[in-house]
Amino acid sequence: MTTRVRFAPSPTGYLHIGSARTALFNYLYARNVGGKFLLRIEDTDMERSTEESTRSIIEGLKWLGLDYDEEIIFQSNNAEKHRQIALKLLNEGKAYRDFTPKAETSDKNIKETIASRARENQGEKSMRDNPFRDLEQEESDAKANSGEPFAIRLKVAETGKTSFEDAVYGLQERDYSEIEDLVLLRSDGHPLYNLAVVCDDIEMEITDVIRGQDHLTNTHKQVLIYEALGKTPPRFAHLPLILAPNKGKLSKRKHGAVVSMTTYRDKGFVAAAFRNFLALLGWSAGEEREIYSLVELIEKFSLDHIHRSNAVFNFNETYERHWTDDKALWMNAEYIRTMPFDDLLPLVKNELKSAKLWRDEYEDDDKEWCEQTINLIRERFFTLKDFSEQGRAYFSEDYDFDEKAIEKNLKKFPDLQTWLPELANHLESVENFTHDNIEAVIKEFVEAKGTKFGVIMNGARTLLTGLAVGPSMLAVFETLGKEKSILRLKSQIAWN
RNA sequence: GGUCUGUUCGUCUAGGGGUCUAGGACACCGCCCUUUCACGGCGGCGACACGGGUUCAAAUCCCGUACAGACUACCA
C-alpha cells in the first residue's frame with residue numbers, strides 16, 4: 001500500500017508557522033517514502049472559515065515549495081457523506097439519539113467553562129449516564145418523528161480501553177471511562193470534527209496521520225470511531241508543539257504577524273531558509289549540521305528523530321533586531337550569502353522590482369556588473385529587503401543618508417567637505433577604475449593631506465552609499481564606477 | 001479537578017547505562033582581521049528541573065515531587 005498523508009488545516013486565518021511545520025513534516029515524510037502528500041481544507045466551521053484564508057494557506061504552501069498531489073479536498077463538500085455515516089452508526093446501534101436540549105455556551109471563556117464543568121462533574125457523573133443512551137428504539141424513533149431535535153452520540157462501551165501506537169509518543173492507552181459519548185452529529189445535522197476527520201481520512205485512504213500533539217487525546221475518540229466503522233486506524237504520529245517565548249500557546253491573536261507565514265515572505269525571507277529553519281524545530285537528523293537543502297531534508301527525514309518535547313519559537317517584541325527567532329534570521333542571512341547566484345538573482349530581482357529599482361539591463365548589458373554588485377553586498381545582508389533598502393545606493397541615485405553616519409564620518413571631519421570633492425578631481429585621472437588604481441590615488445591623496453586612510457574612506461562611504469557600514473570601500477568605488485563615484489563625492493546634499 | 005504528554009546551556013538541539021570534566025548551532029561577550037560593518041578566524045560565558053532508588057557505573061532505567069503543555073465542546 002502506498003503511503004498517503006495529508007495536511008488538513010482549517011481556513012480560519014493565514015498559514016500559521018505551527019501549521020506550516022506540520023505541513024512540512026507531512027511533505028518530507030511523503031517524499032521520503034515516495035508516497036502522496038494531500039491537502040484537505042477543513043472548512044466545516046462555516047462561521048469562521050473564509051475563502052481568503054484558504055487562498056493564503058495555498059499561497060503559503062506554494063511559497064515554501066510544498067507542492068501537494070491530487071485535488072484539494074474541501075471537507076464541507078463531504079458533509080452529506082458524514083451525515084449518512086452517522087445515521088448508519090445510529091441504525092447499527094453503535095450510536096444513539098440524544099434529545100437533551102443543546103446547552104448554551106458563551107464563547108468568551110469557553111475553555112474555563114468547560115474545565116470548571118468537568119471539575120463539578122468530577123466523580124458524580126459517569127460518562128455513560130445519558131438518559132437517552134438506552135432509550136427503546138421505538139420511543140427514540142417516535143420522538144424523532146415528532147420533530148424533537150436530537151444530536152447523535154457515539155455509544156462508547158462501558159468497559160475497556162482504546163490504544164494505539166504513536167510513532168512519536170509511543171503506546172497510548174485510555175480507559176473508556178475517560179471518554180464521553182462524543183457527539184457525531186449536531187442537532188442541526190452538522191457533522192462534528194472527529195467524525196469528519198475520520199470519514200475523510202478513510203475516504204482519502206490516508207495511511208499516516210501526522211499532526212500536532214494537541215490532537216493526541218482526540219485520537220482516542222477517533223480510534224473509537226474507526227472501530228465502530230469497522231476500519232483499521234491509520235498510523236499516527238503526533239508532533240510536539242511550537243510555543244511562544246513564555247512557553248504558552250503561540251497564537252495569531254496574541255502574537256500577531258510573527259506567527260504568519262506571509263510575514264516572512266513579505267519581510268524578505270528566502271523560502272528555502274525558512275523551510276530549513278522550520279524543519280529543525282522538533283526534528284533533527286542527529287548530526288552537527290544546520291543547513292540542509294530540500295533534497296537533503298527529504299533524504300534524511302524520519303519520524304523517529306522527532307522530539308517529544310515542545311519547542312519555543314524565540315522572538316522579542318521589544319527589540320526590532322530580534323523581531324523573530326534569531327536562528328531563523330541567521331539562517332536567512334546564511335542562505336543569502338552562500339546560495340548560488342543564479343538561485344538568488346530571481347529573488348533579488350523580485351525585491352528590486354517591487355521597490356522600482358530593477359532595470360532590465362541587469363540581465364542584459366549590465367549582467368556582469370549586476371552579478372558583481374549583488375555578490376559584493378550580499379555578504380552582510382540578512383533579508384532580501386536589504387537589497388532595496390541598505391543596498392539602494394547601488395541601484396539608484398535617490399538614496400537616503402543615515403544621520404549617524406553623517407555625524408560620525410563627515411561632520412566630525414569638516415575638512416572632508418572640501419577634501420572629498422578634491423579627491424573626486426584626482427580620481428578623474430584614473431584611466432582604469434579598478435581597486436588597485438583607486439587605492440593608489442587615494443593613498444597618495446591621504447598622504448598629501450596628512451590624514452588617515454580611514455577618515456577618507458569612511459567619509460566617502462557615507463557620501464557614496466549613505467551608510468556607515470558596508471563592504472570594502474575600494475570595491476564599492478569599483479562597482480559604482482568612476483562617473484557615479486565622482487558625482488557623489490562632489491555632492492553636497494549630505495552636508496546640509 | 002481528571003486524563004494524557006513532556007522537562008539537557010537564554011533558544012534550537014546531539015545524546016538512549018561507561019567514549020560526558022555533556023558535543024554543535026543561534027544569541028551574548030572578548031580578541032584578531034580591517035578604511036567601516038551585522039562577513040570571516042580564534043576564544044569565553046552557559047544546561048542534564050528536584051528528591052529517592054536500581055547498578056560496579058545513570059543525562060541515559062524505575063518511582064515520587066515540582067513545573068510546563070495538551071485535551072476535557074452539539075469548536076476545529
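Only a predicted model underlies this, so the values are computations on that prediction, with no experimental measurement involved. Every chain is numbered from 1 and lettered A, B, ... according to where its sequence line falls, protein lines coming before strand lines.
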Fill in: A:Lys404 atom NZ, over 12 foreign heavy atoms within 6.0 Å
no

Practice prompt. Determine, for A:Phe277 and A:Lys327, whether the Lys NZ or Arg CZ falls below 6.0 Å from the six-membered ring centre while staying within 45 degrees of the axis.
Written response: no

Worksheet item: Rounding to a whole Å, what distance do you find between A:Glu180:CD and B:rU72:C1'?
Response: 7 Å

Worksheet item: When you compare B:rC62 with B:rC67, how far apart are their P atoms, in angstrom units rounded to a whole number?
Response: 22 Å

Worksheet entry | Distance between P atoms of B:rC48 and B:rU65 (Å, rounded) | 22 Å

Fill in: Ring centers of A:Phe301, A:Phe25 separated by less than 6.0 Å
yes

Item to complete: Determine whether any donor atom in the side chain of A:Thr462 lies under 3.5 Å from an acceptor atom in the base of B:rU36, or the reverse, and answer yes or no.
Response: no

Discussion item. Can you check the distance between B:rG24 and B:rG43, where both ends of the measurement are the P atom (answer in whole Å)?
Written reply: 10 Å

Discussion item. Regarding A:Lys221, tell me which of base, sugar-phosphate or nothing describes its non-hydrogen contacts under 4.0 Å with the strands shown.
Written reply: sugar-phosphate

Worksheet item: Can you find a side chain N or O atom of A:His190 that sits less than 4.0 Å from OP1 or OP2 on B:rA76?
Response: yes

Discussion item. Using whole Å, what does the distance between atom P of nucleotide B:rC71 and atom NE2 of A:His215 come to?
Written reply: 8 Å

Worksheet item: Could you give the OH-to-C1' distance, from A:Tyr176 to B:rC4, as a whole number of Å?
Response: 17 Å

Discussion item. Using atom P in both nucleotides, what's the gap between B:rG6 and B:rC61 to the nearest angstrom?
Written reply: 11 Å

Discussion item. What's A:Lys249 touching, base or sugar-phosphate or nothing? Going by heavy atoms closer than 4.0 Å.
Written reply: sugar-phosphate

Practice prompt. Answer with base, sugar-phosphate or nothing: what part of the nucleic acid does A:Gln390 contact at a heavy-atom distance below 4.0 Å?
Written response: base

Worksheet, complete the sentence: Heavy-atom nearest nucleotide on RNA chain B taken for A:Leu171 and for A:Ala151; more 5' hit belongs to A:Leu171

Worksheet entry | Validation row: A:Phe315, A:Leu250 side chains within 4.5 angstrom (heavy atoms) | yes

Worksheet item: Between B:rU35, B:rA70, B:rA76, which nucleotide has the shortest distance from any of its atoms to the side chain of A:Asn458?
Response: B:rU35

Item to complete: Check every strand shown and say whether A:Thr100 touches a base, only sugar-phosphate, or nothing at a heavy-atom separation below 4.0 Å.
Response: base

Response to the item:
Which of B:rU36, B:rU5, B:rC74 is nearest the side chain of A:Leu192? It is B:rC74

Fill in: Pair assignment for B:rU54, Watson-Crick or G-U wobble, requiring both distances under 3.5 Å
none

Worksheet entry | Ring centers of A:Tyr96, A:Phe132 separated by less than 6.0 Å | no

Worksheet item: Does the side chain of A:Thr217 get closer than 4.0 angstrom to OP1 or OP2 of B:rC4 through an N or O atom?
Response: no

Practice prompt. Could you tell me if the ring centre of A:His220 sits under 6.0 Å from that of A:Phe164?
Written response: yes

Discussion item. Counting primed atoms plus P, OP1 and OP2 as sugar-phosphate and everything else as base, spell out the protein contacts along nucleotides 6-15 of chain B at 4.0 Å heavy-atom distance: B, S or - for each nucleotide, 5' to 3'.
Written reply: SS---SBSS-

Item to complete: Please state whether the phosphate of B:rC28, meaning OP1 or OP2, lies under 4.0 angstrom from any side-chain nitrogen or oxygen of A:Arg321.
Response: yes

Worksheet item: Using the C1' atom in both, what is the distance from B:rC26 to B:rG46, to the nearest Å?
Response: 13 Å

Worksheet item: Side chains of A:Thr100 and A:Asp98: do they bring a donor and an acceptor to under 3.5 Å?
Response: yes

Worksheet, complete the sentence: CG of A:Leu464 to OH of A:Tyr394, rounded to nearest 0.5 Å, is 8.5 Å

Worksheet entry | Base partner of B:rG17, which must satisfy Watson-Crick or wobble distances under 3.5 Å | none

Worksheet, complete the sentence: A:Glu178 CD to B:rG2 C1', in whole Å, measures 6 Å

Worksheet entry | Pairwise C1' distance for B:rC9 and B:rA27, with rounding to whole Å | 12 Å

Item to complete: Among the candidates B:rC4, B:rC75, B:rA76, find the nucleotide nearest to the side-chain atoms of A:Lys102.
Response: B:rC75

Response to the item:
Paired to B:rA70 by Watson-Crick or G-U wobble criteria (both distances under 3.5 Å) is B:rU3

Discussion item. What I'd like to find out is whether the side chain of A:Ile72 reaches to under 4.5 Å of the side chain of A:Ile58, using heavy atoms alone.
Written reply: yes

Practice prompt. Could you check how far CG of A:Asn332 sits from P of B:rA27, rounded to whole Å?
Written response: 13 Å

Item to complete: Mind checking A:Pro101 for me? I need base, sugar-phosphate or nothing, with any heavy atom below 4.0 Å counting as a touch.
Response: base

Worksheet item: Tell me: CD1 of A:Ile179 to P of B:rC4, nearest whole Å?
Response: 11 Å

Discussion item. What's the gap between B:rU55 and B:rG16 when it is taken at their P atoms, as a whole Å value?
Written reply: 23 Å

Worksheet item: Between A:Glu389 and A:Arg392, is there a side-chain N and carboxylate O pair less than 4.0 Å apart?
Response: no

Fill in: Distance test, side-chain N/O of A:Lys412 to OP1/OP2 of B:rU36, below 4.0 Å
no

Worksheet, complete the sentence: A:Leu184 atom CG is separated from B:rC75 atom P, nearest whole Å, by 13 Å

Worksheet entry | Sugar-phosphate only, base, or nothing, as touched by A:Pro471 at under 4.0 Å among non-hydrogen atoms | base

Worksheet, complete the sentence: Pairing partner of B:rU65, by Watson-Crick or G-U wobble and under 3.5 Å for both distances, is B:rA49

Worksheet item: Nearest to the side chain of A:Leu216, which nucleotide is it out of B:rG40, B:rU35, B:rU5?
Response: B:rU5

Discussion item. Roughly how many Å apart are B:rC28 and B:rA68, using the P atom of each and rounding to a whole number?
Written reply: 29 Å

Item to complete: Once you apply the 3.5 Å cut-off to both distances, tell me the Watson-Crick or G-U wobble partner of B:rG40, or none.
Response: B:rC32

Discussion item. Distance check needed: B:rC39 P versus A:Met339 CE, whole Å only.
Written reply: 19 Å

Discussion item. Tell me whether A:Lys252 at atom NZ has more than 12 heavy atoms from other residues, nucleotides or ligands lying less than 6.0 Å away.
Written reply: yes

Discussion item. Heavy-atom nearest nucleotide on RNA chain B for A:Asn218 versus A:Glu379: which residue maps closer to 5'?
Written reply: A:Glu379

Discussion item. Both distances below 3.5 Å, Watson-Crick or wobble geometry, any strand: find the nucleotide opposite B:rU11.
Written reply: B:rA25

